[in-house]
Amino acid sequence: MPITELFLGAFIQVLFDRLASAELLDFVRREGIDMRLKEWKKMVECIQVVLDDAEDKQLTDQPSVKSWLEDLRNLAYDIEDLLDEFVIESVESKSKTGPRTSKARSLLPSCCFKLSPREFLFNHKMRSKIEEMDARLREIITRKSSLSLIENNRKQSTSHLPGKPIPTTHLIEDCFVGRDNKKMEILELLTGEENNRTCTDIRVIPIVGMPGLGKTALAQQVFNDDRVTNYFDVKAWACVSDDFDVLSITKSILEITNPQLARECKTLNSLQDELTKNLSGKKFLVVLDDLWDKNYENWIFLLKPFRSGVKGSKIIVTTRDREVASMVDARLITLKMLTLDYCMELFAFHALGVRNFNNHPNLEVLGRKIAEKCKGLPLAVKALAGLLRNTDNPREWEDILNSKIWDISEDRINVLPALKLSYLHLPSHLKRCFAYCAIFPKDYEIQRDELICWWIAEGLVEAKGAKNKWNVGLDYFNDLVNRSLFLKSGSNESQFLMHDLVNDLAKLVAGPTHFDLGEFKGDHNNTSSVRHASFISSEYILPEKFKIYHGMKGLRSFISLDKPFRNYRVSQKVLCDMLLALKYLRVLSLSHYCINEIPDCIGELMHLRYLNLSYTCIKMLPKSIVALYNLEALMLRGCHDLLELPKGMEKLINLRFLDISNTTRLKAMPLYIGKLVGLEMMSKFVVGTGNGSRLEELKDLEILRGELCISDLHMVREAKDAGDANLCVKKGICRLTMQWSTNFENSRNEELEREVLNFLCPHKNLENLTIFYYGGLKFPSWLGSPSHDKLVHLHLHGCQKVKTLPSLGLLPSLKELYIEYLNSICTVGSEFHGSNNPFPSLLTLEFKGMLIWEDWSHCIDTEEVGVVFPRLDRLVIQDCPKLKALPAFISLPSLNELEFKGCNEGVLQSLVSLTSLTALTINDVVELTCLNHGLTSSLIKLEKLEIRECTKLRYLWQDGDAIRTLHCLKRLVVRNCPEFIYFVAKEGDIELPGNLETIKLMECVNLEKLPSTMHTLSSLRDLTIYKCPKLLSFPKTGIPTSMISLNIECCEMLRSLPRGLGIIDLKISGCVSLPSSPFKEGRFLPTTLKRLEIRCCGWVESLAEINLDPLQSLQMIDIVCCENLRSLPQGLHTLSQLTSLFLSGSPALEVECFPPLPPSILKFFLYSCPKIKSLPNQLYRLTCLRELSIGWCESITRFPDGGLPPQLWKLRVIECENMKQPVREWLTPLTSLQILEIHGSVGGVGEEEDLVLPLPSSLTSLYIYSMKNVERLSTSLPPSLQKLWIQNCLKLRQLPQDGLPPSLEHLLLNNCPILVERCKKGTGCYWPLIREIPSIDIE
């Protein structure tokens, strides 16, 4: 049932408020159209009072009412756009009223003043718009009269809606899955001892989650558990739902404790009195299911009778709203989506009556797909399964799989009422914000901060009292999160998801006004109603992709949604054409587009509030952008090529957000940026020396918040400027970076820089501070002041002249501390700690590049320091070569990860009692020869040990005793330790830690042997040995049967390979001493092998000895750069699983007739094998073959008889100079070919002036190389072609006469001088032909 207009009431209210605004009425009164707007206001009032009835009637599918509502919605949008234009004129009008506003006029762009107020009124176009709106509004009023709509002033209620969910009871469901852990958690809370709780202090346990997640089912399970029944004297269940009626709730609970009294009591007072008496002296459990009401007074009033119970009484509340849960002031039990396996069990039970598909294997795949569709929501699983109850017809199951849940009638499925109720309970301001989210496709990660900016730009958020729009918008967003309409996505605090069904709800609510191209199923020619649209593109954007948006004349939002690690390419012309068609845009996001300039026409988008050009390739913005009077947000994050911002930006007086972070080439700010006093966010400020660019420009930007980077602070000439910046009063800034020049060679004024930093004291709300290349001799006192009690992250980098550290130990909330390249620090002591119990919250500490740091003292005056780093989890000490040792007081009880590089061995030896350590990395410790027993004896939890670039390391441990404590070790890496010869110093066999899973021995040039007990490592999975030239062999006992991956590279002296019974991946590379037949003498390959790679093994001559019969799991064979190889394995065609064969760089391999390949082969590559004379016969029978690449094989003269397999989709033929077979013979039959790479030497095609290729219509990519005599492309290009690359065609001058296909996405011309000249932008004769191609590379 459609509900596409339910947010219209909220929209009309906003429109009504705008019509009644004093500013607008003042303007229209002066312009003589006030009477017209007053009439409109009255008509809107008439509409408002019937909206509730209209929306109710369209729920019952009355087409005339639905049509009326749709027309009303479109008119409301158009009137709002017109009022927007009035506002611009109002500002222009005010600027003429006198000297008090002349300054405002000087700040506005000149385009706002093309007409005087009276000229504006009589402007024909504007007068026509007003008359058109008036006629449409009157027509709406006329139609209203014929619809018999009832006037009312009631608040929207949900009780009258069809399909209201039925009340719940305490009886349990037959199938309960996936919540056992949560059930046990609640049971513990219910029956656990409570030492500090009084009888009047009732414990409330809230269960929170989105509708349909199983909150009630979990509460039912707990309520009926025997432990609960035995623990409590009284149990009661009340279904509260959306109507919070204290009387009825109280009565329903009393009916359980005393049914007779419940019938007799008629008033709330008497009911509460009797319930108080009945609960007195008893331990009770009450479940309040589906609580909605947020009114704290109502909650307290309801609780009054419950305070008579004894200690241990409990109340369970289930709610979909976190704000309701927080009202009861208790720890939340938050439910997440069920896993797919649990969904399958639940689905099988409700569809088939059993808990699995063992007896219905033919339905399991369909059942899994249907369960996946439910995205972990139990209500949806049960609903869809119920439709298939006792039905085992696969066709009916497919019908349900292919249907949308929202298309199934509500009398068959109860998902809709539960979700609708969440929407209908939203206040009007949240309804519009929620409906806006219909632009998101399913599973899209919503960026919270972006969405709030879009809401603001669309006028969905208004400032309230002391709160600005941003904070109000954040409240709106959090409210939707609390109501479970948004769900957190992973660990990122600002990324969220919508469940698929909630996404569907948003789309149903928004109707045709919101457009998501990926899920649009309507008529592409009928999109005139769309106002908000999103776009997710492939890498290349063709003109056709944007055409659908040209018809959306009233479009307000065009948002290109980002995909991770993807950049989009579109031509300048295509972009400009679209912008010219969309005059009413308020939100425009082109983030991650590979565009280097923005069309000037963007300055005509007078309604634009939000412009996002982040991560584009632009070098500058068009001058016309300063004409965007309404612009509130300009986002340029990550524009690394941006050189400057346009002059006149101070005219953008409505600008609130300017994000220019990570604009590395931006070296100056526009003059007088400080006049934009409304700026709430400016992520970067580049200090200059002239008026209008000095630090004092920050003075009046008092409401800045979020992130601020101040760079080029060495340009400050007067410390007073830093004081004028007033950072100390900017309480909204939470992340601050201060950056001076990296150049310390020129004279730096140490005293001036000290004063500047002293004046730049931030507000105490600061959370994150980074200081780069400060040149003063000491840090100011504010840096270590405990008043900065919210500071959690501090990074000091490259402050080369500072001689002492501030008292950072006094910062109570500091969690991450990075101190890098402070090259004048010699001692760290009491000044750093600041107290006897410093760094109470620190989790990460890194010291790097402290070249003269020698001593870390451990005293505060005469007192020993207590536990210095009680919570430290990660410690990095890197490139501190003079540091002798760590002080004894550092016990590090919580340390989990330690990285140690470029330091004195004494520091490492001073580390003891690291009992919590799980990861240890030691790098470039020159004097280290062996790990001492004091260090290793405490590493009882160590899982990862890596030792790199320790040039004197000979052994890891002194003896086997040191190994016994490492029973948790899973990963061992020794790399670039040239003196390393063995694992222990003592002779004899050793037992390595038994839980090792990975061993990597790399660049250990003196390693000669491996432990003979390696075969006992039953957990070992991966073994890599790289550049160990003295290793002669593997132990005779072999390697563990648990091994799945063996990688042996550049072991020049290795003479044999190990036995490997379970290996899946085997790579042998650069082992030049292997025998000519390395797989002789029992060195067989395991039957489990799937991937075999042999590279750069120059002595290997024969692989014929490989017995392929047992290798039926083999999927990939790579043989590369074995220059003496003379024979291949016999019987390749018997490998039934082989999918890829790569043979390259074998000049001695002489094959008259290449052995046949198995039918399973997908990819066959043959490169640089000049003595191979033919390809396998009967290639055309290899029906699975998809990729065939041949290059630098001069003895091959033709393809085998029968040609190539017609299903081939990629073919590469390069530098096969003797292949003279005509191209048409082997290319014409390839009707499925998608990618073709062809060299001019093949078939003599490059010798003719006209290049004629019989290209199949399926082709998408064509690569043409070295056609030395070709002047004309005389081949018609296929209509599906997407990529055309032409390289080294020196004489080529003409493209095909019938042009290039409109599908072309990428054109590359390299070393084609004549054609390049003819394709030059603007001047080349071919430029009009190619200018709409999204990506053009001409070199």
Side-chain angles (χ1 to χ4, degrees), residues 8 11-48 51 67-97 108-145 458-459 513 528-531 551-556 580-586 604-609 627-630 654:
L8 186 53
F11 190 8
I12 294 297
Q13 181 61 48
V14 171
L15 181 59
F16 180 82
D17 292 341
R18 290 201 66 182
L19 285 169
S21 73
E23 183 181 17
L24 181 64
L25 291 174
D26 182 55
F27 168 69
V28 297
R29 192 178 298 115
R30 292 196 307 271
E31 309 311 323
I33 53 173
D34 53 321
M35 295 306 297
R36 180 70 60 91
L37 257 65
K38 285 180 180 178
E39 286 186 67
W40 288 7
K41 183 171 174 285
K42 288 180 180 178
M43 286 189 273
V44 170
E45 281 180 328
C46 292
I47 293 169
Q48 272 188 304
L51 267 184
S67 173
W68 181 79
L69 284 169
E70 288 177 354
D71 291 343
L72 173 60
R73 178 203 59 217
N74 291 331
L75 176 59
Y77 273 118
D78 292 339
I79 291 178
E80 194 176 31
D81 286 336
L82 181 62
L83 297 181
D84 214 25
E85 296 178 33
F86 285 177
V87 169
I88 296 174
E89 280 301 316
S90 173
V91 174
E92 185 271 343
S93 177
K94 281 186 177 182
S95 71
K96 293 185 176 182
T97 59
L108 286 174
S110 59
C111 65
C112 288
F113 312 120
K114 291 178 181 177
L115 300 172
S116 71
R118 290 292 171 183
E119 288 172 329
F120 172 78
L121 175 62
F122 294 103
N123 175 269
H124 176 71
K125 186 176 181 181
M126 188 57 63
R127 185 172 64 242
S128 297
K129 284 185 180 180
I130 295 172
E131 294 300 331
E132 179 199 347
M133 300 300 168
D134 187 71
R136 288 169 62 188
L137 189 53
R138 293 180 187 280
E139 193 258 347
I140 287 287
I141 293 294
T142 302
R143 287 167 61 191
K144 175 184 76 74
S145 304
E458 286 291 349
T513 60
S528 58
S529 297
V530 177
R531 306 291 171 155
M552 305 175 187
K553 299 299 184 183
L555 193 68
R556 294 177 164 206
L580 288 171
L582 304 176
K583 297 291 188 183
Y584 294 97
L585 280 178
R586 297 181 175 209
E604 299 177 23
L605 302 178
M606 296 306 301
H607 298 266
L608 197 64
R609 267 88 166 164
L628 299 177
Y629 157 74
N630 280 312
N654 285 308

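Only a predicted model underlies this, so the values are computations on that prediction, with no experimental measurement involved. Along the sequence shown, residues are numbered consecutively beginning with 1. Heavy-atom basis, side chains included; hydrogens, waters and symmetry copies ignored.
Nearest heavy atom pair, residue Leu75 against residue Met133, reads CD1-SD, 4.0 Å. Between Tyr584 and His607 the shortest heavy-atom distance is CD2-NE2, 3.5 Å. Between Ser67 and Arg143, the shortest heavy-atom contact is OG-NH2, 3.5 Å. When all heavy atoms are compared, the tightest approach of Leu72 to Ile140 is N-CD1, 3.8 Å. In this structure, Ile130 and Trp40 approach most closely via the heavy-atom pair O-CZ2, 3.7 Å. For the residue pair Leu582 and Met552, the shortest heavy atom distance occurs at CD2-O, 3.3 Å.
Taken to the nearest 0.5 Å, the CG atom of Asn74 stands 11.5 Å off from the CD1 atom of Ile79. Annotation: the span from Asp134 atom CG to Leu82 atom CG amounts to 11.0 Å, rounded to 0.5 Å. One distance of note links OG1 of Thr142 with CG of Leu137; it measures 9.5 Å at 0.5 Å rounding.
Under the 3.5 Å distance criterion, the side-chain polar atoms of Asn630 are matched with a main-chain donor or acceptor of Met606. Not one N or O on the side chain of Arg136 forms a donor-acceptor pair closer than 3.5 Å with the backbone of Asp78.
The pair Asp81-Arg556 counts as a salt bridge, with a side-chain nitrogen and a carboxylate oxygen less than 4.0 angstrom apart. Using a 4.0 Å cut-off between a side-chain N of Lys or Arg and a carboxylate O of Asp or Glu, Arg609 and Asp84 qualify as a salt bridge.
Legend: residues meeting side chain to side chain contact (heavy atoms under 4.5 Å, CB included) with Glu39, ordered by chain and number and at least two apart, are Met43, Arg138.
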